[in-house]
Amino acid sequence: MPRIPADEALIAGEWRRGAGAPADTVDPATGRVIATVHAVSLDEVAEAARGAAEAAADPRWRDLLPHRRALLLHRVAELIEESTDDLAALQTADTGKALTETRALVGSAAATFRYTAAALETAEEAITPSRGDYVTLSVYEPIGVVGAINPWNSPIASDAQKLAPALAGGNAVLLKPAEWTPLVSLALGRLVTRALDELGLPAGLLSVLTGRGSLVGDAIVRDPHVGKVTFTGGTSTGRTLAHAAAEKLMPLSLELGGKSPTVVLADADVEQALAGVMFGIFSSSGQSCIAGSRLFVARELYEEFVGELVERVRKLRVGPGTDPDTQVAPLVHHRHRDSVAAYVDLAREEGARVLCGGGVPQGPAYRDGAYYLPTVLDGLPNSSRTCQEEIFGPVLVALPFDDEDDLVRQANSSVYGLACGIWTRDHRAAWRIARRVDAGTVWINTYKQFSIATPFGGMKESGLGREKGRDGIRAYQRQKSLYWGVADAPLPWAN
Ligand code: NAD
């Protein structure tokens with residue numbers, strides 16, 4: 001059993017039990033309660049926001065030059081790396097994810113802090129072309145207090161993706177983890193607290209506020225001290241936050257849902273495409289915003305490809321995240337498993353053929369866990385709800401296409417625009433399709449690969465703004481223009 005953080009939230013630099021309602025967090029592989037975590041109260045959100053505003057304005061932080069702020073990020077990266085085993089085990093217990101995956105997520109969180117430190121030290125401000133007797137400068141300043149609200153699917157990686165650039169930008173952060181998976185964010189909070197303490201920086205720079213989105217999350221968004229919200233989660237929640245942000249005229253960035261097409265052209269390397277399609281949807285048990293959940297296969301290859309795919313999907317190993325052989329781990333929560341199962345029932349009502357899966361695995365090993373079999377469906381039009389709504393589970397729906405125009409029309413016929421995969425040997429076709437599909441990220445002959453150096457975000461209802469990349473820090477800053485007069489004579493009009 002991993003070391004469970006004490007039932008304490010981080011409120012304006014102080015670790016203490018939240019004054020709100022308790023909630024159990026459950027290991028979805030066994031159904032056992034692993035910890036009870038008290039939510040913070042609305043008063044405590046306000047206290048954290050006040051503390052964050054004071055910490056952001058504290059000269060120890062406000063006047064710290066970028067290369068010194070970078071030291072904090074490097075130290076957090078080191079502490080994360082030193083705690084890899086604990087953090088990975090904790091996240092596996094809380095989310096159900098396979099240990100191989102949670103170890104990779106911990107590595108990615110550390111890498112995010114390191115990359116952001118390097119980006120911070122090398123970020124340049126500009127002397128812009130002057131059009132008069134003055135020098136013009138474009139500089140960047142902190143926003144002040146940033147609210148960071150995350151979902152349950154990859155907490156440590158999504159926490160790092162918000163925390164690192166927000167701190168790099170010179171801000172204080174109020175971090176809210178999802179109700180189902182608060183533990184690893186609380187553990188990360190302990191590491192950041194330690195780094196702040198070692199470097200003599202204000203403790204209130206980070207609060208980790210546990211509790212329900214509609215209470216704690218909402219209070220963060222509406223708090224007058226909060227000047228920006230960065231959110232990852234569902235599209236309908238994102239829309240609610242955008243309304244609240246509009247009231248304050250506050251910038252926000254949104255990483256939302258997806259229903260991403262994976263495309264197999266007739267000339268694809270079939271072995272590579274099979275492996276890529278399966279990884280794209282069934283890794284993380286499909287609980288991934290960029291899951292390739294709609295499979296489009298060229299009609300002439302369709303029967304052969306889907307037939308072979310189904311054979312292989314039947315052989316995927318379903319089991320607990322702690323078993324190194326597991327490929328498809330349990331879903332995050334029994335309630336979420338039931339929602340995935342309800343979607344497959346809906347697909348049946350819509351007339352789908354269930355080619356494999358379509359239920360919970362049988363046997364005593366699976367009895368108490370939130371398991372669902374990897375499932376392949378077909379026989380539905382792209383307009384069906386099954387093809388249009390995000391299921392966020394191990395459910396793939398396959399569709400044939402006739403030609404490139406038909407493919408692009410179907411792929412783009414979705415409210416989402418997060419990601420796309422293309423499997424082909426024809427580089428010209430790959431280029432044409434990649435440029436025509438509405439997607440923030442396109443993978444060609446690969447899938448679900450990520451680099452912190454490459455911007456990430458969605459088009460259409462998949463989001464607003466971009467995370468990652470050298471400019472990621474700028475999303476957490478305010479740009480300011482300076483005109484510096486150098487003329488010897490007074491301004492002519494005043495004479
Ligand atoms: P969710 O939208 O229900 O919750 C996300 C977070 O928002 C949680 O912390 C929740 O407590 C909080 N929240 C809920 N209501 C709120 C409100 N009114 N005000 C403020 N905060 C509120 O999403 P989820 O079910 O936790 O996660 C799954 C969703 O996240 C999927 O739709 C998935 O596609 C999306 N996601 C997107 C990305 C991306 O980068 N685009 C990455 C991962 C997950």
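Every number for a ligand or one of its atoms is a count from 1 in the order of the listing. Just the heavy atoms: all of them, side chains too, but no hydrogens, waters or symmetry mates, feed the values below.
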Original post:
Can Asp27 and Arg32 be counted as an ion pair, charged N to O under 4.0 angstrom?
Top reply: no

**OP:** Output yes when Asp85 and Arg103 qualify as a salt bridge under the 4.0 Å nitrogen-oxygen rule, no when they do not.
**Re:** yes

Provide, to 0.1 Å, the distance between [atom] and the closest protein heavy atom, together with that atom's residue and name.
{"atom": "atom 35 (C) of ligand 1", "value": "Gly233 O, 3.1 Å"}
{"atom": "atom 32 (O) of ligand 1", "value": "Glu390 OE1, 2.6 Å"}
{"atom": "atom 27 (O) of ligand 1", "value": "Pro151 CB, 3.2 Å"}
{"atom": "atom 25 (O) of ligand 1", "value": "Trp152 NE1, 3.2 Å"}
{"atom": "atom 22 (C) of ligand 1", "value": "Gly213 CA, 3.3 Å"}
{"atom": "atom 6 (C) of ligand 1", "value": "Asn150 O, 3.4 Å"}
{"atom": "atom 41 (N) of ligand 1", "value": "Leu256 O, 2.7 Å"}
{"atom": "atom 23 (O) of ligand 1", "value": "Gly234 N, 3.4 Å"}

Polar side chain donor-acceptor pair, [X] to [Y], under 3.5 angstrom:
{"X": "Ser283", "Y": "Lys448", "answer": "yes"}
{"X": "Gln388", "Y": "Ser414", "answer": "no"}
{"X": "Thr25", "Y": "Asp94", "answer": "yes"}
{"X": "Glu389", "Y": "Tyr343", "answer": "yes"}
{"X": "Lys162", "Y": "Thr232", "answer": "yes"}
{"X": "Thr92", "Y": "Thr102", "answer": "yes"}
{"X": "Lys97", "Y": "Ser285", "answer": "no"}
{"X": "Thr386", "Y": "Glu350", "answer": "yes"}

For ligand 1, which atoms have a heavy atom of [X] less than 4.0 angstrom away?
{"X": "Asn153", "result": "43 (C), 44 (C)"}
{"X": "Gly217", "result": "19 (N), 20 (C), 21 (N)"}
{"X": "Pro177", "result": "9 (O)"}
{"X": "Glu179", "result": "10 (C), 11 (O)"}
{"X": "Cys289", "result": "34 (O), 36 (N), 37 (C), 38 (C), 39 (C), 40 (O), 41 (N), 42 (C), 43 (C), 44 (C)"}

Original post:
Is it the side chain, the backbone, both or neither of Trp180 that has a heavy atom closer than 4.0 Å to ligand 1?
Top reply: neither

Give a yes/no verdict on whether any heavy atom in [X] is under 4.0 Å from an atom of ligand 1.
{"X": "Ala178", "answer": "yes"}
{"X": "Gly238", "answer": "no"}
{"X": "Phe456", "answer": "yes"}

**OP:** Out of Thr237, Val221, Thr232, indicate the one that has the non-hydrogen atom closest to atom 5 (C) of ligand 1.
**Re:** Thr232

Subject >> Over-ring placement of Arg466 relative to Phe456, 6.0 Å and 45° cut-offs >> reply: no

Original post:
If we only count N/O pairs under 3.5 Å, is Lys176 in contact with ligand 1?
Top reply: yes

**OP:** Would you confirm whether the ring centroid of His333 sits within less than 6.0 angstrom of the ring centroid of Trp152?
**Re:** no

